[in-house]
Amino acid sequence: MNETAGVRFRRLHRAQVITEELPERRHKGSSTYSGKVFQVTLLSLGGFLLLPLLVVILILESPIHPEVFSLKEPPLMKGCWEPNLKLREAQRLYEDQILGPESIANMGDVFFTGTADGKLLKLIGRRIVTVTTLGRPPCGSREDEPTCGRPLGIRVGPNGTLFVADAYLGMFEVNPTTGEATRLVSGGQVVSGRKLSFINDLTVTQDGRKVYFTDSSSRWQRRDYLHLIMEATADGRVLEYDTETKELTVIMENLRFPNGIQLLPDEESVLVAETTMARIRRVHVAGLNKGGMDTFVDNLPGFPDNVRPSSSGGYWVTMSAVRPNPGFSMLDFLSQRPWVKKFIFKLFSQEVLMKFVPRYSLVAELHDGGVCTRSFHDPAGLVAAYVSEAHEHDGNLYIGSFRSPYIAVLDLRRV
């Protein structure tokens with residue numbers, strides 16, 4: 001064999017190097033293929049499940065038709081608004097014996113309140129006595145509320161009677177001894193082209209002749225209050241009822257959730273909490289400026305509920321939800337995004353959404369010009385939750401709630 005043939009032989013019979021490269025490539029290709037199949041299957045399944053949901057969301061009509069409105073940047077929570085734990089020093093009264101004592105009034109040491117089961121109660125020491133029931137049973141559910149009734153604002157009149165605002169049934173004058181109730185204004189009636197759908201709070205002149213009250217909305221009832229807040233409907237009003245002539249007059253309209261109302265000492269104007277706008281308006285109900293309106297305090301750090309007088313000449317204002325700064329306020333964020341509100345209400349009920357609203361109880365004392373002089377806080381509402389009113393009597397602050405099963409009382413001498 002010559003040299004050339006030998007080289008050719010060696011090239012033809014060169015030893016092969018056996019490695020795992022080829023099997024690895026086969027394994028890698030198989031793995032990639034399986035992964036792609038899994039991804040396609042997963043995406044198909046996701047699409048199969050999500051497509052009906054998206055179709056339902058697009059087809060479903062949102063229960064609310066939100067309006068775009070703007071709120072100013074919340075004030076910094078410093079100075080008078082500095083967070084503290086003073087409200088946690090309150091004590092609970094009648095715990096688990098009453099539900100939703102929204103508003104409180106007193107005659108001496110006897111207190112009165114209305115509750116979620118439609119009752120008007122008299123509180124004497126530790127005793128609870130039912131004065132009257134304005135509606136009819138059954139009570140206790142959202143569906144029953146319009147017929148059961150829901151007493152909200154309550155005041156003592158000059159003749160020792162109680163004036164009570166029921167969200168559904170109307171405005172009543174009640175004898176606290178006999179329980180006899182006289183309906184002054186019927187809920188649901190049409191006044192100046194709009195229905196009284198959500199009668200909320202009231203205030204009475206010293207002679208008892210005029211009663212001013214808020215109707216929070218002509219579209220939404222009390223049981224749908226979160227719809228009213230989120231929709232920001234400007235259909236709330238302040239009305240005047242004359243107990244002598246029986247005349248019912250609209251004083252101011254186009255307010256966004258007018259809530260608590262308090263007559264000023266001169267009886268020519270009332271303070272009205274405009275909850276959605278986080279402010280308190282002054283509405284002129286008599287005198288040269290009758291029919292006019294200005295702002296008592298703007299851009300509060302929370303959403304105000306009832307307004308009641310303080311012993312120092314100011315006014316107690318309660319807020320059960322705040323606009324933290326620094327921090328994040330969901331309602332401020334959503335005010336400019338109505339489409340997000342509509343989407344949320346397509347997916348969730350009011351009861352579910354309430355669970356996501358951060359609890360924060362705030363009671364503040366305001367003086368002329370809306371100046372805050374002191375405030376009491378309970379972050380997370382651990383002691384006093386869902387506060388609706390602060391009623392001062394004999395050095396104590398009795399704090400009502402629109403859904404808690406108690407009244408909280410704070411000794412002002414200790415804080």
Side-chain angles (χ1 to χ4, degrees), residues 63-67 69 100 102-103 114 116 134 142 145-146 149-155 163-172 184-203 211-241 248-262 270-283 285 293 300 302-308 317-321 331 335 350 354 357 386-389 400-403:
I64 64 172
H65 303 286
E67 297 181 9
F69 69 100
E102 165 92 11
S103 181
L134 299 175
R142 180 181 181 278
E145 219 176 73
R150 181 55 168 107
L152 298 179
I154 181 172
R155 301 282 187 159
F163 287 87
V164 182
D166 187 286
Y168 303 91
L169 305 177
M171 187 168 65
F172 296 81
L184 305 177
V185 176
S186 296
Q189 68 172 294
V190 176
V191 180
S192 298
R194 290 185 181 178
K195 193 175 181 181
L196 297 179
S197 296
F198 186 172
I199 296 175
N200 198 321
D201 194 21
L202 48 73
T203 186
V211 183
Y212 300 99
F213 66 95
T214 53
D215 178 40
S216 297
S217 175
S218 59
R219 170 171 160 77
W220 296 107
Q221 295 181 318
R222 195 218 75 92
R223 56 182 175 172
D224 297 314
Y225 65 90
L226 192 58
H227 291 70
L228 173 58
I229 293 174
M230 297 294 277
E231 190 174 73
T233 317
D235 65 343
R237 299 182 291 179
V238 174
L239 297 96
E240 172 192 280
Y241 176 75
L248 188 57
T249 309
V250 176
I251 299 294
M252 185 59 61
E253 56 186 354
N254 300 328
L255 297 170
R256 297 184 194 273
F257 200 165
N259 200 331
I261 185 170
Q262 173 61 46
V270 293
L271 297 180
V272 178
E274 194 175 11
T275 300
T276 301
M277 300 305 295
R279 65 188 176 191
I280 298 176
R281 309 301 294 269
R282 177 168 32 221
V283 178
V285 297
M293 180 172 64
L300 288 165
F303 300 93
D305 201 326
N306 283 356
V307 182
R308 293 297 185 266
V317 179
T318 52
M319 297 167 244
S320 63
L331 290 177
S335 65
Q350 177 175 271
M354 277 299 296
V357 177
Y386 305 112
V387 294
S388 56
E389 180 179 301
S401 170
F402 59 90
R403 64 184 295 173

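Keep in mind it's a predicted model, so treat the numbers as computed, not measured. Both backbone and side-chain heavy atoms feed into the values below; hydrogens, waters and symmetry mates do not.
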Smallest heavy-atom separation, Asn254 atom then Arg194 atom, equals OD1-NH2, 3.2 Å
Stepwise salt bridge (Lys or Arg N to Asp or Glu O under 4.0 Å) check, Asp166 with Arg222
CA-CA 10 Å; Asp166 187 286; Arg222 195 218 75 92; over 6 Å; no
Test item: Glu102 and Arg403 side chains (from C-beta on) under 4.5 Å apart, heavy atoms:
no
Between the side chain of Glu274 and the main-chain N/O of Pro258, is any donor-acceptor distance below 3.5 Å?
no
Between the side chains of Arg155 and Gln262, is a donor N or O closer than 3.5 angstrom to an acceptor N or O?
yes
Any side-chain heavy-atom pair of Trp220 and Ile64 under 4.5 Å:
yes
Under the side chain to side chain contact (heavy atoms under 4.5 Å, CB included) test against Leu239, which residue among Val185, Thr249, Asp215 passes?
Asp215
Which residues pass the salt bridge (charged side-chain N to carboxylate O under 4.0 Å, His left out) test with Arg308, not counting sequence neighbours?
Asp201, Glu389
Can you tell me if Tyr168 and Glu145 form a side-chain donor-acceptor pair at under 3.5 Å?
yes
For residues Asn200 and Thr214, is any side-chain donor paired with an opposing acceptor at under 3.5 Å?
no
For Ser218, enumerate each residue passing the side chain to side chain donor-acceptor pair (under 3.5 Å) test, keeping only those at least two apart in sequence or located in another chain.
Asp235
Looking only at the side chains, is there a donor atom on one of Thr275 and Asn259 sitting less than 3.5 Å from an acceptor on the other?
yes
